[in-house]
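FYI, the numbering just counts along the sequence from 1. Whatever order the structure lists them in is the order used to number ligands and atoms, beginning at 1. Values reported hereafter were calculated over all heavy atoms of this structure, with side chains retained and with hydrogens, waters and symmetry mates removed. Values in this document were obtained by computation on a predicted structure and should not be read as measured data.
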Amino acid sequence: MSGPVPMVAALSDIYTTQALADQGVRWNALLDKFQARFGSPAHFVARSPGRVNIIGEHIDYSLYPCLPMAITPDVILAVSTDVAPSVDGTFKIKIANVDEDRFPAREFDVSYSEVEIDATKHEWTNYFKSGLRGALGLLRKKYGADFKPKSMQVLMDGTVPAGGGLSSSAAVTTTSALAIMVANGETAVDKKDLTEVAIVSERAVGVNSGGMDQAASVFSVRGSALLTSFTPTLSARPVFFPKTNPELCFMIVQSYVTSNKQVTGPIHYNLRVVECSMAAAYLNAKLCPPGIDLPNDAGPLGVSIHGFHDNYFKDSQKSITEQLEDLIELTKKTLSQEKGYTVEEVASGIGISVDDLKARFMSSFPVQGEYFKLRQRALHVFTEALRVLRFLSLLEDPAHAPSPNDTIQFNQRLGSLMNETQDSCRDVYECSCPEIDEICQIAREAGSYGSRLTGAGWGGCSVHLVPADKVDVIKAALVEKYYSRRQIAEQNMEEAIVVSRPMNGSAVFKLN
Ligand code: NG1
Ligand code: MG
């Protein structure tokens, strides 16, 4: 499903009919503001959406497939290259945001050879810069080390809430990288290249992320979810939901608990990446024959649980499902300490020194913790990978296809898997929070088939698989039992609950 990012000439190539009117107004406003601010028209607009993850949480950086879909909220960047070039081996970026109060305009000179990013500062343009760094890497690879990037003027409008679990960061990084490629004359930007540079460069901003968000943002196809796989290489394909009665839709519900990975990484997200990587090395050392090292792979720390899985089951005839079931049992026996493992215990289990352990797993970003819960993290990963397979088989195996009179049962089966994911995120992976747990409970009681956190967790968003005829009842229950008991700004309430359909991924809109 690779190929170039579409270059389109009509908004209807990007949005659904329902979204078109509002989006037309928004795009025109962006172009008018661009003209007013920079005194000349934009040349093109690049666009990438946010995403919601349906199932497969916190397993992308362990390199297991997950099933996100793109949503309507997105990032659009109007761009021109009219700005006079800078001197002395630098080029100039003038960047502004339509929301100037929250995201003040910036101007910077960038050296041809190096994009500097200060990841210690929480600064909105860092995500643009990370896209810039990735795109320049691609351009240099293609045209040589002395490639001279064009100066650019950029105006951004983003509707993906920041820190809300809908992947605003990936939407900005992928759109920025795309915009920079196009501004520098590329007419066919390969989706896989774009996704890969966005993944690697987003890590430069302070989070050791997996690759699901960037893949969903770039590759998604309207009307389908996206099965995103990371091995043997990054790939994605559409997955369709069968027609059911009542029709299924996805409700995205904000908790308004903000979790910022740049700030809480050492105890939340980055720590989980470290725990999973340590679990991979520990299981590999204990269960694979001596001399069979973990492969160096696309996991953020260079190794992954999937790498161990492949080592252990090399040449096995068992199905992936059977392999995962075996791995769950093996993990329970091999990683028996519920309370976790100290660095000394992990190092001795792997057979390396504590210094080596720290250098390998704990040096790219700071992490805090006395005990590393390798057992729980590995168990979540294996059970969640299984749930993704089961979800997929419900959707695609003709043996499970819903018959006209059992679609409710079918919907319930899909929903139960999502509910099991929520339980595992809450109890085993410890990435939920009381507010999300409460929202899931309220939604299920009001008729949701499946309710769970989506994205990194510890706040942010939840996703609910709901029958179309229950949307209003579930909304009313959430307003009454959750939102009305909290202080939530009226403006926020408008986007608190969104019913979303799967949307298109990245595109470039060429203006004349
Ligand atoms: P969000 O919630 O969008 O930041 C994060 C990671 C994903 C994935 C999920 C958990 C980033 C940019 N993305 O998503 O790669 O690991 O958490 O499944 O950090
Ligand atoms: Mg993010």
Side-chain angles (χ1 to χ4, degrees), residues 48-71 73-75 119 126-127 130-131 134 158 160-174 176-177 195-196 198-218 226 228-230 234 252 254-255 257-265 268-277 298-301 304-306 364-365 377 380-381 384-385 387-388 418 421-422 424-425 429-433 436 452-463:
S48 293
R51 64 95 185 96
V52 64
N53 188 18
I54 301 168
I55 197 156
E57 212 61 88
H58 280 282
I59 56 173
D60 60 343
Y61 49 86
S62 292
L63 305 188
Y64 285 97
C66 42
L67 193 68
M69 71 180 209
I71 53 178
D74 60 10
V75 171
N126 275 358
Y127 290 98
S130 81
V160 192
L166 297 180
S167 207
S168 56
S169 54
V172 178
T173 316
T174 54
S176 302
T195 306
E196 282 173 347
I199 295 170
V200 172
S201 48
E202 191 165 337
R203 289 187 189 144
V205 194
V207 178
N208 248 332
S209 58
M212 155 176 70
D213 303 351
Q214 296 81 356
S217 189
V218 172
L226 190 80
T228 310
S229 307
F230 305 95
L234 176 77
I252 301 168
Q254 290 282 346
S255 66
V257 175
T258 302
S259 157
N260 179 344
K261 280 200 243 65
Q262 263 73 25
V263 179
T264 58
H268 289 158
Y269 193 90
N270 287 335
L271 176 59
R272 292 294 177 276
V273 176
V274 168
E275 288 172 320
C276 285
S277 309
L301 296 174
S304 68
I305 294 186
H306 193 279
S364 63
F365 293 110
R377 308 320 176 214
H380 168 81
V381 171
E384 183 69 358
R387 282 186 285 274
V388 173
M418 293 171 67
T421 294
Q422 175 60 19
S424 183
C425 283
Y429 215 68
E430 298 174 286
C431 61
S432 189
C433 66
I436 294 272
R452 60 177 216 82
L453 69 84
T454 186
W458 295 287
C461 260
S462 53
V463 60

Any atoms of ligand 1 less than 4.0 Å from a non-hydrogen atom of Glu57? List them with their elements.
10 (C), 18 (O)
Could you check whether any heavy atom of Ala170 sits closer than 4.0 Å to an atom of ligand 1, since that is the contact criterion I want to use?
no
Applying the side-chain contact (heavy atoms from CB on, under 4.5 Å) test to Ser217, which of Pro68, Ser48, Ser169 qualifies?
Ser48
Going by the rule salt bridge (charged side-chain N to carboxylate O under 4.0 Å, His left out), which residues pair with Asp60 if we only count those two or more places apart in sequence or in a different chain?
none
For Glu384, which residues count as a salt bridge (charged side-chain N to carboxylate O under 4.0 Å, His left out) partner, sequence neighbours excluded?
Arg387
So how far is it from Ser176 OG to Asn126 CG, rounded to the nearest 0.5 Å?
11.0 Å
Can you find an N or O of Gly56 that's nearer than 3.5 Å to an N or O of ligand 1?
no
Would you say Ala456 has any N or O atom under 3.5 Å from an N or O of ligand 1, going by distance alone?
yes
Pick one: which of Val463, Ile71, Asp213 meets side-chain contact (heavy atoms from CB on, under 4.5 Å) with Leu166?
Ile71
Sub-3.5 Å N/O-N/O distance, Ser169 and ligand 1:
no
Measuring from atom NE2 of His380 to atom CD1 of Ile59, what distance do you get when rounded to the nearest 0.5 angstrom?
7.0 Å
Using a 4.0 Å cut-off to any heavy atom of Gly210, which atoms of ligand 1 qualify?
15 (O)
Would you mind listing which atoms of ligand 1 come within a distance below 4.0 Å of any non-hydrogen atom of Ser167?
3 (O)
If you compare Tyr61, Trp458, Tyr429, Tyr269 by their heavy atoms, the one closest to atom 6 (C) of ligand 1 turns out to be Tyr269
Which of the numbered atoms in ligand 1 are below 4.0 angstrom from a heavy atom of Met212?
8 (C), 9 (C), 18 (O)
Under 3.5 Å, N or O to N or O, is Arg51 touching ligand 1 that way?
yes
His58 versus ligand 1: do any nitrogen or oxygen atoms come within less than 3.5 Å of each other?
yes
What atoms of ligand 1 come within less than 4.0 Å of a heavy atom belonging to Asp60?
7 (C), 8 (C), 15 (O), 16 (O)
Looking at Tyr61 versus Tyr269, is the centre-to-centre ring distance below 6.0 Å?
yes
Measure the spacing between CE of Met212 and CG of Leu226 and express it to the nearest 0.5 Å.
11.0 Å
Parallel, tilted or perpendicular: which describes the rings of His58 and Tyr429, with under 30° parallel and over 60° perpendicular?
tilted
When only distance counts, is Glu202 in polar contact with ligand 1, meaning an N/O pair under 3.5 Å?
no
